[in-house]
Structure formats: C-alpha cells, structure tokens
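The residues of the chain are indexed from 1 along the displayed sequence.
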Amino acid sequence: MSEVLIYNLGGGQVLGRVSLGHAIRMLHRRVAAVREAVEGETFGPYQRPVSVELVRYVHTRWVYERTGRVPYSRAALLRRDRHRCGYCGAPATTMDHVVPRCQGGPTSWMNAVAACEACNSAKAGRTPLEAGMTLRSRPFEPVLADIYPHGKV
C-alpha cells in the first residue's frame, strides 16, 4: 500500500504520512486538497495523490512536544518576527530567504525573516549584501514561547 505525504496549509510544513485510503477520505471530507498527483492515475473520482495539503492551518504544538523543536512554517516565522520586516521594521506580510533559494539557500529558520512587500521586492533574488540592505536582527531557531508568548496555541 502506498503512503501519501501530508502538508499543513501553506505547504511549508510536513505533518507526516498516511495511507492512500486515509488520504482519499481526507479529500472526500474536503479537509485536504491534492498538492501533487500521479500523472494520469485516479482513485475513484480523485487524482491519485502523492501529497495533499490541509485546507485549514493546524497548530502543531504536538510536534514541538515530541521533538523539542518548533516546526518551520511561514505563519510561525511571521509570529517569531512579530510581523515586522527584518529589513526596515515595517509591518511584514511575507517571508524572505536571506540567501535566496535561487542561490541555493534553504527554507529554514536560520535563512528566513519576515519582510514587508516593498523590501521583499527590492531585495528580489539577491543576498542582503548584494541588494545593499541590512538585516535589523539575525534569524534564529525559536522556542515555543517565541511563537506563542502567552502560552496560547
């Protein structure tokens, strides 16, 4: 039996794997959508999924409790940086890879900061040095209290 990868909403966090049958039930209940499918194959009325993405974001405190590490996600990154741009301090709505993915930079806590749309566009596919921009604070791997300072998940 094949397994299907489950992504949280936004696609930045893998939650685990489930059986193909379980994934199909998730699609049928409309709690997930096909993210990647096997080309030309179906399972009943659905494309045969390789991976699915949840339609609602699931807070994953259980992952932290099991591993001791906060799972990386765009939403958690914005919370870590208090929704402030890492370059200018303005309200942030996007995230930026410090070393761009096009230059081999990973999507990780240590290579990402919250960014406003203007700074994200201005920096584009360059490093801060190449773009003549300065980071106001260095990226860091947060603990749960950095993401949920009042203990509410």
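Neither V50 nor V4 shares a network with the other; the hydrophobic side chains, linked directly or stepwise wherever heavy atoms of I, L, V, M, F, W or Y lie under 4.5 Å apart, form separate groups for each. Hydrophobic clustering of Ile, Leu, Val, Met, Phe, Trp and Tyr side chains at less than 4.5 Å, counting indirect connections, unites V31 with I24. Residues L77 and M133 do not share a hydrophobic cluster, clusters being chains of Ile/Leu/Val/Met/Phe/Trp/Tyr side chains in contact below 4.5 Å. Residues W109 and V113 do not share a hydrophobic cluster, defined by chaining ILVMFWY side chains whose heavy atoms lie under 4.5 Å apart. In terms of hydrophobic clustering, with Ile, Leu, Val, Met, Phe, Trp and Tyr side chains grouped at heavy-atom distances under 4.5 Å, Y72 and V98 are assigned to different clusters.
Checking side-chain atoms of D96 against main-chain N and O of A115 turns up no donor-acceptor pair under 3.5 Å. Between the E117 side chain and the T94 main chain, no donor and acceptor come within less than 3.5 Å of each other. Of the possible donor and acceptor atoms, one in the side chain of R126 sits under 3.5 Å from a partner among the backbone N and O of K123. Not a single donor-acceptor pair under 3.5 Å links the side chain of R136 to the backbone N or O of R84. At least one donor-acceptor pair under 3.5 Å links the side chain of N111 to the backbone N or O of P106. In this structure, Q103 contributes its side chain and P100 its backbone to no donor-acceptor pair below 3.5 Å.
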> Between R30 and V55, is a side chain to side chain contact (heavy atoms under 4.5 Å, CB included) present by the stated rule, with each step listed?
Replying inline: CA-CA 8 Å; R30 295 191 175 120; V55 298; over 6 Å; no
>> Before you tell me yes or no, could you show the steps for Y87 and L135 under side chain to side chain contact (heavy atoms under 4.5 Å, CB included), namely the whole-Å CA-CA distance, both residues' side-chain angles and the distance that decides it to 0.1 Å?
In response: CA-CA 5 Å; Y87 299 103; L135 274 172; 3.5 Å; yes
> Does the pair L5 and R17 meet the rule for a side chain to side chain contact (heavy atoms under 4.5 Å, CB included), with working shown?
Replying inline: CA-CA 5 Å; L5 201 57; R17 295 180 178 273; 3.8 Å; yes
>> Evaluate L54 against L15 for side chain to side chain contact (heavy atoms under 4.5 Å, CB included), listing each step before the verdict.
In response: CA-CA 10 Å; L54 299 181; L15 296 177; 3.5 Å; yes
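Atom CE of M26 and atom CD of E53 lie 11.0 Å apart (nearest 0.5 Å). To the nearest 0.5 Å, atom CZ of residue R74 and atom CG of residue N8 are 13.0 Å apart. Interatomic distance, S19 OG to R25 CZ, rounded to the nearest 0.5 Å: 5.5 Å. Rounding to the nearest 0.5 angstrom, the gap separating the CD atom in Q47 from the CD atom in E39 is 9.0 Å. The distance from atom NE2 of H22 to atom CG of L27, rounded to the nearest 0.5 Å, is 10.0 Å.
For the pair C116 and A90, the tightest heavy-atom approach, listed with the atom from each and the gap, is CB-CB, 4.3 Å. When all heavy atoms of A76 and S73 are compared, the pair lying nearest together is N-OG, 3.1 Å. R80 and F140 get closest at one heavy-atom pair: NH1-O, 2.6 Å.
Residue E141 qualifies as enclosed at atom CD: its count of foreign heavy atoms under 6.0 Å is above 12. H83 NE2: more than 12 foreign heavy atoms inside a 6.0 Å radius.
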